[in-house]
Amino acid sequence: MQSTDRPTARRTPLTAMLVLNAVLLGLLAVVTFAPTVTAQVRNRGLYTMVAGGANNTQSSAVYVIDAVNQEMIVLTYDAASRSLNGLAYRNLAADSADLRGRTRAGG
């Protein structure tokens with residue numbers, strides 16, 4: 001007479017649960033001890049826009065200056081695609097520091 005009660009059939013779900021718990025515990029450890037990511041801090045801007053011309057373009061340009069973060073971008077409008085296209089970017093703080101360094105070295 002054969003026994004219908006198989007011990008290996010009972011251990012399979014238990015083994016699967018133990019493996020699953022070990023994997024989940026490992027993922028929890030990775031997430032917990034992973035290095036943290038910090039966002040870049042950017043101050044709220046104070047914007048000024050001025051319309052004007054730009055070299056080598058058919059359309060006028062808009063100069064957008066952020067006085068707080070000391071940045072400037074130049075935009076043109078493309079009527080065919082109905083979108084603003086970035087033409088140039090300048091970091092005014094870096095330009096100012098560069099100019100101060102030149103006047104000290106040259107003067």
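Fair warning: this is a prediction, and the values are worked out from it, not measured in the lab. Sequential numbering from 1 along the given sequence is applied to the chain's residues.
Using a 4.5 Å cut-off on side-chain heavy atoms (C-beta onward), Leu87 and Leu75 make no contact. Side-chain contact between Arg90 and Asp95: present, with at least one pair of heavy atoms (C-beta onward) separated by less than 4.5 Å. Side-chain contact between Tyr89 and Glu71 is present, with at least one heavy-atom pair separated by less than 4.5 Å.
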Going through the distances and angles, do Leu84 and Thr76 end up as a side chain to side chain contact (heavy atoms under 4.5 Å, CB included)?
-> CA-CA 6 Å; Leu84 287 172; Thr76 58; over 6 Å; no
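Atom-to-atom distance recorded for Asn91:CG and Asp66:CG is 10.5 Å, nearest 0.5 angstrom. To the nearest 0.5 angstrom, Asn69 atom CG is 6.5 Å from Tyr47 atom OH. Taken to the nearest 0.5 Å, the CD atom of Gln70 stands 11.5 Å off from the CG atom of Leu46.
With hydrogens and angles disregarded, a donor-acceptor distance shorter than 3.5 Å links the side chain of Thr32 to the backbone of Leu28. Between the Asn85 side chain and the Tyr77 main chain, no donor and acceptor come within less than 3.5 Å of each other. In this structure a side-chain-to-backbone donor-acceptor pair under 3.5 Å is present from Tyr63 to Gly53.
A single hydrophobic cluster is not seen to contain both Val62 and Ile65; linkage of ILVMFWY side chains at heavy-atom distances under 4.5 Å, directly or through other members, places them apart. When hydrophobic clusters are built by joining Ile, Leu, Val, Met, Phe, Trp and Tyr residues whose side-chain heavy atoms come closer than 4.5 Å, directly or via intermediates, Val68 is not grouped with Val64. Linking ILVMFWY side-chain heavy atoms closer than 4.5 Å, directly or via other members, places Ile73 and Met49 in a single hydrophobic cluster.
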